[in-house]
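The structure appears right after this line, and notes come after that.
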Amino acid sequence: MGGDGGSIPTRGELVKQKKEPEKKNRDQDMVGRWQHCAISGHKLVKPIVSCPLGRLYNKEAVINHILERAGGKSHIKKLSDVVELQLTDNKSFKNEIKADLYIDHYNAPYMCPVLGLEMSGRYRFVYNWACGCVVSERVTIEIPTTTCHKCGKEISADDNIIINGTEEETATLMVRMKRRKDQQKAERKQNKAAKEGDEEQIKPSKASKKSDGPTTSSGAVVKKQKTSDDASKSSKYEETESYKKLFHKNSTKKDKAHWVTFNPYYN
């Protein structure tokens, strides 16, 4: 063929090939998850909070999300569903970006307080739900302890949450979050039942205080018996005439009328 001004089509033009999915830019994905809010997409600014799934948010964005009751993050319904992170500033971080300079995506504003590793996504980081202190995962593996490396508070390894973990780790954290919520509900029910029981015990005790005397185990009131000394004292005072005059009025004596109230018909 040819010579007639035509062209010969190639296989690529005749056969439609399946398009390969676009590959994510690793640096852009890392910067988006580690330096930007998962709700608003704005740059992370203190105070920074995290949910039980290990996602990072600006606290202001979380408050707006709760007030507006927006969808997308159904597991965040109140501020107690997130923890404010205690981050360590990286003194070597430079926020200046110029057009003619290379942008180092691994230069992060925060770091591990123990090993000095930058919190940029290159290294794995965890935080504890009890205190919110952020350290690198390498610290928890190499230096296992029951106290926080930063604040010294007693913690449990089960409360460690991986920041921006894989899909499998996120599914594990989801199960742990549901288990924690169930435990909190059970504790609230127990505290409520105990409080109601205490109130029921207090009510009969108040009623017993209003009674005239002490009560027995059956609830009957026991009257106080007068002793011989009390009886002798009361009889001594009752015998005197002056003592009787204090409480008894002389019926033979009539009250004299005042000169203003004097009435001859009645006096």
Side-chain angles (χ1 to χ4, degrees), residues 30-90 108-115 117-121 123-141 143-188 191:
M30 181 183 62
V31 171
R33 290 190 299 147
W34 287 87
Q35 298 185 16
H36 293 80
C37 175
I39 292 178
S40 63
H42 298 161
K43 198 166 186 179
L44 289 173
V45 181
K46 285 185 177 180
I48 299 172
V49 298
S50 180
C51 66
L53 303 182
R55 302 290 181 258
L56 301 177
Y57 313 94
N58 286 326
K59 190 172 184 179
E60 183 179 357
V62 172
I63 294 173
N64 293 333
H65 170 78
I66 295 171
L67 294 176
E68 294 173 0
R69 297 181 180 179
K73 304 293 180 184
S74 59
H75 62 284
I76 301 177
K77 298 180 180 178
K78 48 189 177 181
L79 279 178
S80 60
D81 293 333
V82 295
V83 173
E84 185 172 345
L85 300 182
Q86 307 299 325
L87 299 164
T88 304
D89 295 330
N90 183 12
Y110 309 109
M111 58 180 282
C112 174
V114 181
L115 300 180
L117 301 176
E118 293 184 350
M119 187 178 163
S120 60
Y123 306 102
R124 290 163 61 87
F125 275 73
V126 300
Y127 75 90
N128 194 275
W129 184 261
C131 60
C133 295
V134 181
V135 295
S136 61
E137 188 184 29
R138 190 183 299 179
V139 174
T140 59
I141 296 173
I143 315 173
T145 180
T146 57
T147 57
C148 179
H149 293 278
K150 185 176 180 180
C151 65
K153 186 178 179 180
E154 292 186 3
I155 58 175
S156 174
D158 296 335
D159 293 334
N160 288 338
I161 297 175
I162 300 173
I163 300 175
N164 291 327
T166 61
E167 293 181 358
E168 295 178 357
E169 292 170 343
T170 304
T172 304
L173 292 174
M174 179 72 75
V175 174
R176 197 191 302 178
M177 178 185 67
K178 292 180 179 178
R179 188 190 310 154
R180 185 186 297 112
K181 287 184 177 181
D182 293 338
Q183 290 178 356
Q184 291 175 354
K185 287 181 180 179
E187 289 177 359
R188 285 196 293 268
N191 295 335

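Partners of S50 according to the side-chain hydrogen bond (donor to acceptor under 3.5 Å, both in side chains) rule, which considers only residues two or more places apart in sequence or in another chain, are Y127.
Inter-residue side-chain proximity for T88 and V134 is flagged as unmet; no heavy-atom pair is nearer than 4.5 Å. Put simply, the side chain of W34 reaches to within 4.5 Å of the side chain of I163, judged on heavy atoms. Looking at heavy atoms from C-beta onward, L53 lies in side-chain contact with M174 at the 4.5 angstrom threshold. Side-chain contact between V135 and P113 is present, with heavy atoms from C-beta onward closer than 4.5 Å. Taking the side chain as every heavy atom from C-beta outward, D81 and V62 never approach each other to under 4.5 Å. When side chains are defined from C-beta on, N58 counts as touching L44, because their heavy atoms get closer than 4.5 Å. With a 4.5 Å cut-off on side-chain heavy atoms, E169 and R124 count as touching. Put simply, the side chain of D89 reaches to within 4.5 Å of the side chain of Y110, judged on heavy atoms.
Applying the 6.0 Å contact sphere to CZ of R138 captures no more than 12 heavy atoms from other residues, nucleotides or ligands. More than 12 heavy atoms of other residues, nucleotides or ligands shown are found within 6.0 angstrom of CD on Q86.
At least one donor-acceptor pair closer than 3.5 Å links the side chain of N90 to the backbone N or O of A108. In this structure, the side chain of H149 engages the main chain of I143 through a donor-acceptor pair within 3.5 Å. Judged purely by atom type and a 3.5 angstrom limit, N128 uses its side chain to pair as donor or acceptor with the backbone of A130.
Applying the side-chain hydrogen bond (donor to acceptor under 3.5 Å, both in side chains) test to every pair with at least one member in residues 174-186, sequence neighbours left out, gives no pairs at all. The stretch residues 147-168 participates, sequence neighbours left out, in no salt bridge (charged side-chain N to carboxylate O under 4.0 Å, His left out) pair at all.
A distance of 8.5 Å separates OG1 of T140 from CD1 of I162, quoted to the nearest 0.5 Å.
Residues C51 and I76 come closest through the heavy atom pair CB-CD1, 4.1 Å.
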